[in-house]
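First the proteins, then the strands, lettered A, B, ... as listed; each starts at 1.
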Amino acid sequence: EPEVTQTPSHQVTQMGQEVILRCVPISNHLYFYWYRQILGQKVEFLVSFYNNEISEKSEIFDDQFSVERPDGSNFTLKIRSTKLEDSAMYFCASTPDSYEQYFGPGTRLTVT
Amino acid sequence: DQQVKQNSPSLSVQEGRISILNCDYTNSMFDYFLWYKKYPAEGPTFLISISSIKDKNEDGRFTVFLNKSAKHLSLHIVPSQPGDSAVYFCAASGTSYGKLTFGQGTILTVHP
């Protein structure tokens with residue numbers, strides 16, 4: 001069964017550094033998303049992406065964040081200058097043409 | 001943001017009995033509701049969903065009920081199995097392909 005994959009599983013970075021989180025959505029899916037979950041809190045929406053454009057973004061998704069689909073398979077989330085409060089699990093998700101989104105296993109980002 | 005609420009942080013049931021997980025929402029624009037199951041160190045796994053035009057949807061041991069007038073949905077698991085022990089999230093969406101808004105999650109423990 002096709003799955004969303006994410007790399008790395010765990011990323012440790014220093015405050016102020018740039019990080020890129022990578023996702024490979026399910027191959028025939030058209031809509032892509034990033035969510036995050038800070039420890040002990042809800043899963044929160046960050047951004048959705050369709051047809052090489054951002055279709056919706058949350059207040060969290062400020063100028064420090066960007067997304068890209070550099071080729072036909074990868075979908076990346078970049079944080080330009082990480083802050084301590086960016087420490088969270090980051091989940092990528094995709095959907096073909098429906099409400100049901102399929103999530104990857106997540107990347108644990110730790111900012112020190 | 002309390003648009004989707006799961007008021008029970010945890011639920012403990014005996015194997016073979018029914019598990020009932022509850023979820024309330026406030027946004028009347030939500031028209032699709034989903035339940036996800038999450039194990040530690042994994043991403044949310046889609047379980048079952050329901051459109052606002054229905055009041056019930058079944059899939060094997062899982063049934064979701066929607067009461068639109070009360071803005072309430074519930075997930076019934078019958079019979080419960082130890083492998084069902086996980087965190088269960090309800091989520092809601094107002095548009096196809098749109099962002100999901102999650103509840104806080106309920107930790108289900110099924111005892112043998």
Side-chain angles (χ1 to χ4, degrees), chain A residues 1-10 21 23-26 29-51 53-61 67 88-108 110, chain B residues 1-10 23-27 29-54 57 59 62 64 66 73 75 86-107:
Chain A
E1 187 174 327
E3 292 180 336
V4 177
T5 60
Q6 291 185 243
T7 54
S9 57
H10 190 191
L21 309 182
C23 169
V24 179
I26 296 172
H29 286 192
L30 302 175
Y31 292 82
F32 315 116
Y33 309 83
W34 284 100
Y35 292 82
R36 78 174 185 189
Q37 185 180 28
I38 295 171
L39 188 63
Q41 297 187 23
K42 290 185 178 188
V43 176
E44 302 174 287
F45 168 77
L46 292 178
V47 66
S48 58
F49 192 84
Y50 170 72
N51 200 24
E53 288 185 347
I54 290 175
S55 44
E56 186 177 4
K57 60 183 180 179
S58 72
E59 290 176 355
I60 303 166
F61 194 88
V67 289
M89 283 291 292
Y90 286 80
F91 296 106
C92 173
S94 67
T95 187
D97 57 359
S98 69
Y99 289 88
E100 295 154 8
Q101 297 177 18
Y102 296 87
F103 285 75
T107 293
R108 178 173 298 283
T110 302
Chain B
D1 179 0
Q2 294 290 310
Q3 295 188 72
V4 179
K5 291 173 72 171
Q6 294 174 256
N7 290 317
S8 298
S10 62
C23 180
D24 297 294
Y25 63 97
T26 56
N27 189 342
M29 298 302 291
F30 288 145
D31 64 356
Y32 207 84
F33 304 90
L34 307 92
W35 285 94
Y36 284 84
K37 175 180 177 179
K38 186 180 179 304
Y39 294 115
E42 293 185 14
T45 300
F46 170 72
L47 206 54
I48 191 170
S49 61
I50 188 166
S51 163
S52 60
I53 62 173
K54 294 186 170 185
N57 188 27
D59 184 1
F62 303 92
V64 55
L66 175 63
L73 63 153
L75 175 67
V87 181
Y88 288 78
F89 292 96
C90 70
S93 180
T95 58
S96 186
Y97 324 126
K99 67 179 182 184
L100 297 179
T101 301
F102 282 83
Q104 304 94 313
T106 297
I107 301 170

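- Of the atoms belonging to Tyr39(B), not a single heavy atom falls under 4.5 Å from chain A.
- Not a single donor-acceptor pair under 3.5 Å links the side chain of Tyr31(A) to the backbone N or O of Gly98(B).
- Scanning both residues, Gln37(A) and Lys38(B), for their nearest heavy atoms gives OE1-CE, 3.8 Å.
- Note that the OG atom of Ser48(A) and the NZ atom of Lys99(B) stand 9.0 Å from one another [nearest 0.5 Å].
- Under the side-chain contact (heavy atoms from CB on, under 4.5 Å) criterion, Ser49(B) pairs with Glu100(A), Tyr32(B), Leu34(B), Phe46(B), not counting sequence neighbours.
- The side-chain contact (heavy atoms from CB on, under 4.5 Å) check on Ala92(B) picks up Val4(B), Phe30(B), Phe33(B), with sequence neighbours excluded.
- The line from CD of Glu44(A) to OG1 of Thr101(B) is 10.5 Å long, rounded to the nearest 0.5 Å.
- In this structure, the separation between CD on Gln101(A) and OH on Tyr97(B) is 12.0 Å, given to the nearest 0.5 Å.
- Proximity to chain A is absent for every atom of Ala91(B), based on heavy atoms less than 4.5 angstrom apart.
- When each of Pro44(B), Ser93(B), Gly103(B) is checked for heavy-atom pairs under 4.5 Å with chain A, Pro44(B) comes out on top.
- Only the backbone of Glu42(B) comes within contact range of chain A, judged by heavy atoms closer than 4.5 Å.
- Remark: side-chain polar atoms of Tyr35(A) are paired, donor with acceptor, to backbone N or O of Leu100(B) under 3.5 angstrom.
- The greatest number of non-hydrogen atom pairs below 4.5 Å with chain B, out of Tyr99(A), Phe45(A), Phe91(A), is found for Tyr99(A).
- Contacts between Thr95(B) and chain A at a heavy-atom distance below 4.5 Å involve the backbone alone (N, CA, C, O).
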